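No experiment lies behind these values; they were computed from the predicted model shown.
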Amino acid sequence: MTTKVSETIQLIKELVEIPSPSGNTNQVITFVEKYLRDVQVEMKRNHKGGLLVTIPGVDNEHHRMLTAHVDTLGAIVKEIKSSGRLTIDLIGGFTFNSIEGEYCQIETISGKTYTGTILMHQTSVHVYKEARKLERNQQNIEVRIDEKVHNAEDVRQLGIEVGDFISFNPRVEITPSGFIKSRHLDDKASVAILLQLIKRISNEKMALPYATHFLISNNEEIGYGGNSNIPSQTVEYLAVDMGAIGDGQSTDEFTVSICAKDSSGPYHYGLRKKLVEIARQNNIDYKVDIYPYYGSDASAAIRAGHDIVHGLIGPGIDASHAFERTHSSSLEHTASLLYYYVQSEMTY
């Protein structure tokens with residue numbers, strides 16, 4: 001594992017340990033701002049709470065934009081039950097069974113936090129005969145709070161109310177074999193790669209061919225993180241997210257995934273061909289793939305009516321929207337493709 005990819009993995013670890021479900025991302029955006037504080041780049045927050053970083057280019061009439069998102073899946077308190085447990089409403093597209101048994105954190109509107117565990121109401125097989133068969137859904141899944149509470153009033157005395165955010169314990173681990181496994185690699189793995197790229201551009205005093213914007217988006221999981229704040233001069237828009245792994249997919253945990261099509265339709269063919277050519281010329285291992293049930297900030301931008309050339313790449317992430325994992329080699333190939341991409345000619 002190279003020093004650079006090792007630094008990226010450590011940065012990913014820091015990012016995933018910051019709770020940031022969609023709708024509550026100020027803490028992680030503040031972390032990103034501090035991380036880039038000593039880098040000589042223009043930074044500003046948009047009204048949505050995302051962060052826009054701009055680096056001038058040799059050509060400032062034609063712009064390109066790269067984006068990755070810091071918001072994650074999570075939940076919100078829907079109901080305080082008479083038992084003192086919480087019913088939850090999901091934030092983002094995941095399944096209840098993927099969070100059963102997970103440790104979580106509840107953040108009150110005053111900023112106080114409490115821990116808990118997400119469980120089936122009918123968890124104990126010693127009490128509930130149908131525990132193994134019951135559906136994992138909003139009716140049956142609840143949060144057990146790690147406080148002495150016996151009823152809804154006890155919970156409210158803690159300051160917990162409907163609308164409070166719930167985040168999941170990432171349980172991040174880095175293995176000697178080069179894997180990083182954690183919740184929220186979607187998309188904090190790619191955020192770390194972009195932050196490292198911004199620093200590299202600055203440190204190497206790289207003259208980019210075009211004005212280049214980096215949007216650290218904070219609403220992608222709910223569909224509208226990167227569909228605004230796109231300067232009118234923008235020609236190319238590249239979402240850096242994750243490659244989806246499963247039956248019938250070519251994406252794996254060891255290469256960079258280049259998306260040809262997702263649920264929104266095909267990505268720009270010319271940009272895809274250019275990304276493939278860059279990979280081939282620079283000995284970057286890649287896979288071209290289709291993600292059938294997927295949307296990105298780039299597809300959101302197209303739907304919003306922006307006249308752009310759009311693309312999507314990312315490291316291959318196993319078990320997406322659940323207990324995710326990727327390998328250092330996938331991170332390295334993704335970072336290499338982006339490094340050469342920002343120095344390439346524009347796709348018109």
**Request:** Apply side-chain contact (heavy atoms from CB on, under 4.5 Å) to the pair Leu275 and Leu238, showing each step before the final yes or no.
**Result:** CA-CA 10 Å; Leu275 292 166; Leu238 183 65; 4.1 Å; yes
**Request:** Would you please test Thr251 and Asp289 for side chain to side chain donor-acceptor pair (under 3.5 Å) and show each step?
**Result:** CA-CA 6 Å; Thr251 298; Asp289 212 350; 2.6 Å; yes
**Request:** Dump the intermediate steps for side chain to side chain donor-acceptor pair (under 3.5 Å) on His327 and Glu253, then the final yes or no.
**Result:** CA-CA 6 Å; His327 193 266; Glu253 296 174 84; over 6 Å; no
**Request:** Test salt bridge (charged side-chain N to carboxylate O under 4.0 Å, His left out) on Asp154 and Lys148 and set out the steps.
**Result:** CA-CA 8 Å; Asp154 289 344; Lys148 281 189 172 182; over 6 Å; no
**Item:** Trace of the side-chain contact (heavy atoms from CB on, under 4.5 Å) decision for Asp318 with Phe323
**Value:** CA-CA 8 Å; Asp318 188 55; Phe323 301 104; over 6 Å; no
**Arg200/Ile198 under side-chain contact (heavy atoms from CB on, under 4.5 Å): CA gap, chis, key distance, verdict** = CA-CA 5 Å; Arg200 186 174 181 183; Ile198 292 167; over 6 Å; no
**Request:** Output, in order, the C-alpha distance, side-chain angles, deciding distance and verdict of side-chain contact (heavy atoms from CB on, under 4.5 Å) for Arg85 and Val143.
**Result:** CA-CA 6 Å; Arg85 297 197 176 189; Val143 175; over 6 Å; no
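In terms of heavy-atom proximity, Ile180 sits nearest to Ile12 at CD1-CG2, 3.6 Å. In this structure, Lys287 and Asp252 approach most closely via the heavy-atom pair NZ-OD2, 2.8 Å.
With hydrogens and angles ignored, the 3.5 Å screen pairs a side-chain donor or acceptor of Arg136 with a backbone N or O of Leu134. Between the Thr25 side chain and the Ser22 main chain, no donor and acceptor come within less than 3.5 Å of each other. A donor-acceptor contact shorter than 3.5 Å links the side chain of Ser330 to the backbone of Thr255. Remark: the backbone N or O of His69 is paired with a side-chain donor or acceptor of Asp187 at under 3.5 angstrom. Under a 3.5 Å cut-off, the side chain of Thr67 and the backbone N or O of Leu215 do form a donor-acceptor pair. Panel note: side chain Asn140, backbone Asn137; no donor-acceptor pair is recorded below 3.5 Å. A donor-acceptor pair under 3.5 Å is formed between the side chain of Lys48 and the backbone N or O of Tyr224. No donor-acceptor pair under 3.5 Å is formed between the side chain of Gln10 and the backbone N or O of Ser6. When atom types are taken as modelled, the side chain of Asn169 and the backbone of Cys104 share no donor-acceptor pair closer than 3.5 angstrom. Counting only distance, with no hydrogens or angles, the side chain of Asn282 and the backbone of Ala279 share no donor-acceptor pair below 3.5 Å.
For the pair Lys199 and Tyr35, the cation-pi criterion (under 6.0 Å, within 45° of the ring axis) is fulfilled. Seen from the ring of Tyr267, Arg272 does not count as a face-on cation partner, given the 6.0 Å and 45° thresholds. Within the cation-pi definition used here (under 6.0 Å to the ring centroid, within 45° of the axis), Lys112 does not qualify as a partner of Tyr114. Cation-pi geometry between Arg64 and Tyr237 is not satisfied (NZ or CZ under 6.0 Å from the ring centre, within 45° of the ring normal). Annotation: cation-pi pair Arg171/Tyr103 absent, no NZ/CZ under 6.0 Å from the ring centroid and within 45° of its normal.
Side-chain contact check for Asp241 versus Asp297: every heavy-atom pair is 4.5 Å or farther apart. Counting heavy atoms from C-beta outward, Lys188 and Thr72 have side chains that approach closer than 4.5 Å. Counting only heavy atoms from C-beta outward, the side chains of Leu86 and Val155 approach each other to under 4.5 Å. Ser190 has its side chain out of reach of Met242: every pair of non-hydrogen atoms, C-beta onward, lies at least 4.5 Å apart. By the 4.5 Å heavy-atom criterion applied to side chains, His306 and Thr234 are not counted as neighbours. Side-chain contact between Ile141 and His121 is absent, with no heavy-atom pair separated by less than 4.5 Å. Using a 4.5 Å heavy-atom cutoff, the side chains of Glu221 and Ile91 are not in contact. Counting only heavy atoms from C-beta outward, the side chains of Ser264 and Arg303 approach each other to under 4.5 Å.
Rounding to the nearest 0.5 Å gives a distance of 9.0 Å between CG of Leu90 and CG of Leu73. Summarising the geometry, atom CD belonging to Glu332 is positioned 13.0 Å from atom CG belonging to Leu337; distances are rounded to the nearest 0.5 Å. The distance from the OH atom of Tyr291 to the CG atom of Asp262 is 9.0 Å, given to the nearest 0.5 Å. One finds the OG atom of Ser182 at 5.0 Å from the CG atom of Leu185 (value rounded to the nearest 0.5 Å). Here the OG-CD distance, from Ser344 to Glu277, works out to 11.5 Å after rounding to the nearest 0.5 Å. Rounding to the nearest 0.5 Å gives a distance of 5.5 Å between CG of Leu51 and CD1 of Ile29.
More than 12 heavy atoms of other residues, nucleotides or ligands shown are found within 6.0 angstrom of CD on Glu204. The neighbour count for Asp307 CG, taken as heavy atoms of other residues, nucleotides or ligands under 6.0 Å away, does not exceed 12. Sparse packing is recorded around CD of Gln139, with 12 or fewer heavy atoms of other residues, nucleotides or ligands lying under 6.0 Å away. Other residues, nucleotides and ligands contribute at most 12 non-hydrogen atoms within 6.0 Å of the CD atom of Glu61. More than 12 non-hydrogen atoms from other residues, nucleotides or ligands lie less than 6.0 angstrom from NZ of Lys81.
Using a 30° and 60° split on the angle between ring planes, Tyr210 and His62 fall in the perpendicular class, above 60°.
In the hydrophobic clustering of ILVMFWY residues, with side-chain heavy atoms under 4.5 Å counting as a link, Leu119 and Ile76 come out apart. Put simply, Ile193 and Leu52 are part of two different groups of oily side chains (I, L, V, M, F, W, Y) that touch within less than 4.5 Å, one to the next. When hydrophobic clusters are built by joining Ile, Leu, Val, Met, Phe, Trp and Tyr residues whose side-chain heavy atoms come closer than 4.5 Å, directly or via intermediates, Ile174 is grouped together with Leu195. Under a hydrophobic clustering in which Ile, Leu, Val, Met, Phe, Trp and Tyr are joined whenever their side-chain heavy atoms come within less than 4.5 Å, directly or via other members, Leu11 and Ile216 fall into the same cluster. Both Leu36 and Ile55 sit in one connected hydrophobic cluster of ILVMFWY residues. Membership requires side-chain heavy atoms under 4.5 Å apart, directly or through other members.
For Phe168 and Phe94, the ring centers sit closer than 6.0 Å to each other.
Using a 3.5 Å distance cut-off with no hydrogens or angles, the side chains of Asn151 and Arg156 do not pair a donor with an acceptor. Residues Arg45 and Thr30 have side chains that bring a donor and an acceptor to within less than 3.5 angstrom of each other. In this model, a donor atom of one side chain and an acceptor atom of the other lie less than 3.5 Å apart for Asn229 and Asn46.
Ionic pairing of Glu17 and Lys13 is present here: one or more N-O contacts between side-chain nitrogen and carboxylate oxygen are shorter than 4.0 angstrom. Contact check on Glu236 versus Lys274 returns a salt bridge, with a Lys/Arg side-chain nitrogen under 4.0 Å from an Asp/Glu carboxylate oxygen.
Considering Asn227, Ile308, Val309 as possible partners of Ile302, the one that fulfils the side chain to side chain contact (heavy atoms under 4.5 Å, CB included) test is Ile308.
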